[in-house]
Protein chains: 2
Amino acid sequence: MSVAVSGDGLPRQHARRTSISEATVARLPVYLRVLAGFADGGIATVSSEQLAVAAGVGPAKLRKDLSHLGSYGTRGVGYDVDYLIYQISRVLGLTQHYSVVIVGVGNLGHALAGYAGFGTRGFRVAALVDADPARVGETIAGLEVQHVDELETIVKEHEVSIGVIATPASAAQDVCDRLVACGVTSVLNFAPVVLNVPEQVDVRKVDLSIELQILAFHEQRKSLSAQAAR
Amino acid sequence: MSVAVSGDGLPRQHARRTSISEATVARLPVYLRVLAGFADGGIATVSSEQLAVAAGVGPAKLRKDLSHLGSYGTRGVGYDVDYLIYQISRVLGLTQHYSVVIVGVGNLGHALAGYAGFGTRGFRVAALVDADPARVGETIAGLEVQHVDELETIVKEHEVSIGVIATPASAAQDVCDRLVACGVTSVLNFAPVVLNVPEQVDVRKVDLSIELQILAFHEQRKSLSAQAAR
DNA sequence: GACCGTTTGTGAACTCGTGCACAAAGCGGT
DNA sequence: ACCGCTTTGTGCACGAGTTCACAAACGGTC
Ligand SMILES: NC(=O)c1ccc[n+]([C@@H]2O[C@H](COP(=O)([O-])OP(=O)(O)OC[C@H]3O[C@@H](n4cnc5c(N)ncnc54)[C@H](O)[C@@H]3O)[C@@H](O)[C@H]2O)c1
Ligand SMILES: NC(=O)c1ccc[n+]([C@@H]2O[C@H](COP(=O)([O-])OP(=O)(O)OC[C@H]3O[C@@H](n4cnc5c(N)ncnc54)[C@H](O)[C@@H]3O)[C@@H](O)[C@H]2O)c1
């Protein structure tokens with residue numbers, strides 16, 4: 001593997017020639033969480049075997065995933081927990097901070113606003129907005145709900161890069177368009193609709209009803225095969 | 001394509017020889033939702049092109065997905081909306097009803113309990129349980145919160161097949177073990193932990209923090225390439 | 001009934017992701 | 001300095017999933 005030496009004299013792997021696969025990126029946060037657990041437990045080094053078991057993946061897959069972000073491991077020993085945490089954080093972009101705006105403060109929006117998990121890894125809920133005048137002014141988790149018309153001002157002022165949509169499905173596309181128009185380039189959508197966005201905007205969806213239907217499919221498969229065995 | 005005739009005289013495609021791929025199963029609920037929208041709008045038939053656009057996938061992928069569940073389409077015309085809804089529902093196992101138990105009625109559990117989307121497609125919230133005695137007895141969306149020790153009784157009585165975990169991460173594995181011990185074979189996990197379950201149990205996870213970190217990765221990628229262009 | 005434009009269903013090529021197996025590399029003990 | 005044990009990093013084969021491209025099928029029209 002080729003190694004470049006940067007100005008400060010520290011060796012620096014530039015494995016950022018080939019981009020990391022989407023499947024790998026989706027697993028890195030899991031590794032990160034598991035590693036954080038090890039670090040809390042005072043464990044200094046882990047083998048790919050241990051990490052793999054804790055993360056629920058195969059050891060080979062784990063090693064291949066990690067190899068995509070550089071060669072940070074010691075043969076015969078394993079990985080240094082703290083160093084690996086740092087490297088994964090760096091690759092995922094968690095060394096920066098991201099401001100999040102939550103749009104739609106209903107049942108779900110309330111839960112999200114109060115969710116402690118946001119703050120833990122570089123994400124900060126900058127504002128809560130809703131279209132319902134009755135909700136505007138309410139304070140949740142230390143934040144006052146603002147009107148959705150303030151969206152552009154809020155996004156500009158707090159340099160919001162991630163928008164979370166927790167409105168009814170009927171309003172989601174409209175809200176998304178407004179977010180994109182304000183310059184938001186990442187959207188996390190909880191509403192059960194397929195959002196249309198320009199090329200450069202990333203959308204990820206969390207869809208409870210789809211998850212349930214996938215489970216239903218497997219339930220049926222299980223009960224059918226149980227029936228066939230009879 | 002071979003066609004079998006069942007006892008009742010109706011022609012019945014037995015495309016259920018080969019199992020449907022996981023990727024396809026994950027998209028079927030999306031098609032179903034889009035189709036429901038078309039049906040509401042009074043549209044009787046759709047082409048793969050129309051459906052694909054509405055579902056946010058390519059037309060070829062859509063046709064291949066649908067072909068996996070039989071040959072329900074008319075060349076030169078398209079698909080009959082109602083019939084396709086029925087067929088997808090059948091394949092996904094939504095013609096049956098599933099009872100769901102929600103474990104952990106905190107911020108998120110509250111939102112889930114009140115979520116209308118549960119009832120719409122054959123899923124029924126049979127019970128809410130929590131470990132906190134202060135929460136037991138509270139009524140949410142017409143259901144009284146019961147103690148988690150009642151879990152086994154509840155699962156047996158309501159024939160619960162799907163368990164939703166909305167407890168803190170520290171309690172999730174324990175709750176999961178108890179659900180599995182009661183005979184629950186599908187779990188939807190909102191807690192940020194990797195659950196260990198026996199082979200025959202399906203687990204799906206919804207993990208907000210992972211989604212955010214994936215978005216962060218792409219945000220970083222975007223800002224880096226913008227910087228490189230400068 | 002033959003023709004024509006349309007749309008499905010699907011083989012085939014291709015890309016992407018996974019798992020195996022092993023050589024290279026490090027560490028500790030002698 | 002050597003040896004043996006452990007574990008990484010990766011080449012390779014394989015399977016899953018996607019995309020292309022087109023023949024076969026259908027409805028409508030003459
Ligand atoms: N509650 C859940 O557990 C749950 C689970 C999965 C998905 N969802 C989805 O999440 C979304 C929200 O669910 P909920 O239960 O919180 O609904 P809700 O009706 O309780 O809340 C929706 C909120 O959005 C606000 N809103 C409506 N239009 C708006 C607009 N144009 N701009 C800004 N705010 C607007 C409303 O005033 C309301 O406060 C829905 O799409 C739902 O399908 C909810
Ligand atoms: N709030 C959110 O928006 C959000 C988003 C994503 C993920 N999550 C995750 O969902 C889970 C719940 O989040 P929350 O905000 O509702 O937390 P919460 O603390 O408000 O609620 C947790 C509930 O679980 C109950 N509980 C604890 N141990 C239990 C046990 N052994 N059996 C049954 N019930 C038990 C508690 O009494 C409490 O009522 C957490 O793991 C959290 O990380 C929450």
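In the text below, chain A, chain B and the rest are named by the order of the sequence lines, each starting its count at 1. Keep in mind it's a predicted model, so treat the numbers as computed, not measured.
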(request) Determine whether B:Leu66 and B:Tyr72 make a side-chain contact, defined as any pair of heavy atoms from C-beta on separated by less than 4.5 Å. (result) no
(message) In this structure, how many angstroms lie between the P atom of C:dG17 and the CG atom of A:Leu62, rounded?
(response) 16 Å
(message) Strictly below 4.0 Å: does A:Ser21 bring a side-chain N or O up to OP1 or OP2 of C:dC16?
(response) no
(message) By nearest atom, which of the nucleotides C:dC27, D:dT18, C:dT18 is closest to the A:Arg27 side chain?
(response) C:dT18
(message) As a quick check of understanding, evaluate side chain to side chain contact (heavy atoms under 4.5 Å, CB included) for B:Arg27 and B:Val57, giving each step before the final call.
(response) CA-CA 9 Å; B:Arg27 284 187 295 268; B:Val57 301; 4.1 Å; yes
(message) Nearest whole Å is fine: how far is D:dG9 P from A:Gln87 CD?
(response) 12 Å
(message) Are the side chains of A:Leu28 and A:Leu69 in contact, using a 4.5 Å heavy-atom criterion?
(response) yes
(message) Quick check for you: to the nearest 0.5 Å, what is the distance between A:Ser89 atom OG and A:Leu94 atom CG?
(response) 5.5 Å
(request) For A:Leu28 and C:dG17, give me the distance from atom CG to atom P, rounded to whole Å. (result) 13 Å
(message) Assuming nearest nucleotide by heavy-atom distance, tell me which of A:Gly78 and A:Lys64 is located more 5' along DNA chain D.
(response) A:Gly78
(message) Measuring from atom CG of B:Asp207 to atom CD of B:Gln213, what distance do you get when rounded to the nearest 0.5 angstrom?
(response) 8.0 Å
(request) Indicate whether OP1 or OP2 belonging to C:dG26 is found under 4.0 Å from a side-chain N or O atom of A:Thr74. (result) no
(message) Quick check on D:dG9: is either OP1 or OP2 less than 4.0 Å from any side-chain nitrogen or oxygen of A:Tyr79?
(response) yes
(request) Nearest whole angstrom, please: distance from the C1' of C:dG9 to the CG of B:Leu84. (result) 14 Å
(message) If you assign A:Gly76 and A:Ala23 each to the DNA chain C nucleotide with the nearest heavy atom, which residue ends up on the more 5' nucleotide?
(response) A:Ala23
(request) Classify the nucleic acid contact of B:Thr24 as base, sugar-phosphate or nothing, counting any heavy atom under 4.0 Å across all strands shown. (result) nothing
(request) Would you indicate whether the side-chain heavy atoms of B:Ile88 and B:Leu35 approach each other to under 4.5 Å? (result) yes
(message) Let's see if you can work this out: which of C:dG26, D:dA23, C:dG19 has an atom nearest to the side-chain heavy atoms of A:Lys61?
(response) C:dG19
(request) Using whole Å, report how far NE2 of A:His68 lies from C1' of C:dC16. (result) 11 Å
(message) Here's a test of your reading of the structure: between A:Gly58 and B:Glu49, which maps to the more 5' nucleotide of DNA chain C?
(response) B:Glu49
(request) Look at the side chain of B:Arg75 against the base of C:dT8 and say whether a donor-acceptor pair falls under 3.5 Å; ignore hydrogens and angles. (result) yes
(message) Check this one for me: any side-chain N or O of A:Ser47 less than 4.0 Å away from OP1 or OP2 of D:dT7?
(response) no
(message) Expressed as a whole number of angstroms, how long is the span from B:Leu66:CG to C:dT8:P?
(response) 9 Å
(message) Could you tell me how far apart B:Glu22 (CD) and D:dA16 (P) are, to the nearest whole angstrom?
(response) 12 Å
(request) Could you tell me the separation between the CG atom of B:Asp65 and the C1' atom of D:dT19, rounded to a whole number of Å? (result) 13 Å
(message) Can you tell me if A:Ser48 touches the phosphate of D:dT8, counting only side-chain N or O atoms and a distance under 4.0 Å to OP1 or OP2?
(response) yes
(request) Looking only at side-chain atoms of A:Arg63, point me to the closest of D:dG27, D:dT8, C:dG9. (result) D:dT8
